[in-house]
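Notes for the one structure printed next.
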Amino acid sequence: MTRVPRGYIARRRRTKMRSFASNFRGAHLRLNRMITQQVRRAFVSSHRDRGRQKRDFRRLWITRINAATRVYNVFDSYSKLIHNLYKKELILNRKMLAQVAVSNPNNLYTISNKIKTIN
């Protein structure tokens, strides 16, 4: 029986998976079934951890703002600072507030004075 050259679709699929696994080691780089399993697992982890990264950074920013407000006596706590920001309609996101709190606490103090003076 003569050899029948098959199509290219399966090879193209495997090559695509192999390109995703280019930095893996051992059998995870060499065996097609293992490559498929590990690439799927990597995609699941990356999808899950994108949401987790957002949560972790938000927690970090809140911690930094809370520490700065307590150290520099801006307000009693983070929650009171955020409450007054929203009440006075000064919408600053937590990332910017955390950067201000870490890099230049005097500006955080200025923001708090602005909140207190607006009626």
Side-chain angles (χ1 to χ4, degrees):
M1 211 173 194
T2 59
R3 179 181 172 274
V4 178
R6 299 280 306 263
Y8 60 92
I9 293 173
R11 184 174 63 247
R12 189 171 57 184
R13 185 185 67 239
R14 291 187 192 109
T15 305
K16 185 176 179 182
M17 278 293 179
R18 193 173 288 273
S19 71
F20 286 129
S22 62
N23 292 326
F24 295 173
R25 296 172 61 178
H28 296 172
L29 174 66
R30 290 177 182 82
L31 304 178
N32 282 325
R33 187 182 298 174
M34 191 74 77
I35 287 172
T36 304
Q37 291 172 357
Q38 292 303 313
V39 167
R40 283 190 182 155
R41 183 176 179 191
F43 282 152
V44 166
S45 297
S46 66
H47 181 265
R48 180 195 64 225
D49 291 338
R50 276 195 293 273
R52 183 170 290 170
Q53 183 184 28
K54 291 176 179 69
R55 284 194 300 270
D56 289 344
F57 271 109
R58 184 180 167 101
R59 286 178 58 196
L60 174 68
W61 298 330
I62 289 172
T63 304
R64 286 179 175 174
I65 296 166
N66 191 21
T69 53
R70 290 173 189 268
V71 167
Y72 299 110
N73 295 325
V74 175
F75 280 97
D76 293 339
S77 66
Y78 161 82
S79 60
K80 290 183 181 176
L81 173 67
I82 295 296
H83 173 71
N84 287 321
L85 277 173
Y86 276 96
K87 198 162 68 173
K88 302 300 182 181
E89 297 177 359
L90 288 173
I91 307 301
L92 293 170
N93 63 9
R94 286 158 182 84
K95 181 180 180 180
M96 294 298 127
L97 280 174
Q99 286 180 348
V100 167
V102 169
S103 64
N104 197 350
N106 292 334
N107 287 348
L108 187 66
Y109 195 73
T110 306
I111 291 170
S112 70
N113 287 338
K114 187 71 104 171
I115 294 170
K116 293 174 184 174
T117 57
I118 296 174
N119 288 326

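- For residues 2-14, there are no salt bridge (charged side-chain N to carboxylate O under 4.0 Å, His left out) pairs, not counting sequence neighbours.
- Residues satisfying the side-chain hydrogen bond (donor to acceptor under 3.5 Å, both in side chains) criterion with Ser45, sequence neighbours excluded, are absent altogether.
- Within the structure, ring-ring contact (aromatic ring centres under 6.0 Å, His included) pairs that include any residue of residues 74-107 do not occur (at least two apart or interchain).
- Nearest heavy-atom pair across Ala21 and Val39 is CB-CG2, 4.0 Å.
- Distance CD/Glu89 to CG/Asn84: 13.0 Å, rounded to 0.5 Å.
- The side-chain hydrogen bond (donor to acceptor under 3.5 Å, both in side chains) test applied to Asp49 returns no partner, not counting sequence neighbours.
- Residue pairs meeting the side chain to side chain donor-acceptor pair (under 3.5 Å) criterion with at least one member in residues 103-112, sequence neighbours excluded, do not occur.
- Hydrophobic cluster of Leu31: the remaining members, joined at side-chain heavy-atom separations below 4.5 Å, are Met34, listed by chain and number.
- Listed by chain and number, the residues in a side chain to side chain contact (heavy atoms under 4.5 Å, CB included) with Asn93 are Lys95, Met96 (sequence neighbours excluded).
- With contacts defined as side-chain heavy-atom distances shorter than 4.5 Å, the pair Leu92/Val100 does not qualify.
- Closest of all the heavy-atom pairs between Ala101 and Leu108 is CB-CD2, 4.0 Å.
- Pairing each heavy atom of Ile115 with each of Leu90, the nearest pair is CG1-CD1, 3.9 Å.
- Applying the side-chain hydrogen bond (donor to acceptor under 3.5 Å, both in side chains) criterion to Lys80, with sequence neighbours excluded, gives Asp76.
- Around the CZ atom of Arg33, the shell of radius 6.0 Å holds no more than 12 heavy atoms that belong to other residues, nucleotides or ligands.
- Hydrophobic clustering places Ile82 together with Tyr72 (ILVMFWY residues linked when any side-chain heavy atoms are closer than 4.5 Å, directly or through intermediates).
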Donor-acceptor pairs under 3.5 angstrom involving side-chain atoms of residues 53-64: please list them, not counting sequence neighbours.
from	atom 1	to	atom 2	distance (Å)
Thr63	OG1	Arg59	O	2.8

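- Judged as a ring-ring contact (aromatic ring centres under 6.0 Å, His included), the pairs with a partner in residues 7-31 (not counting sequence neighbours) are, in order, Phe20-Phe43.
- Applying the side-chain hydrogen bond (donor to acceptor under 3.5 Å, both in side chains) test to Arg18 and every residue at least two apart in sequence or in another chain returns Asn32.
- Hydrophobic clustering (ILVMFWY, side-chain heavy atoms < 4.5 Å, transitive): Leu97 and Ile91 are in one cluster.
- Annotation: side chain to side chain contact (heavy atoms under 4.5 Å, CB included) contacts of Arg41 (sequence neighbours excluded): Gln38.
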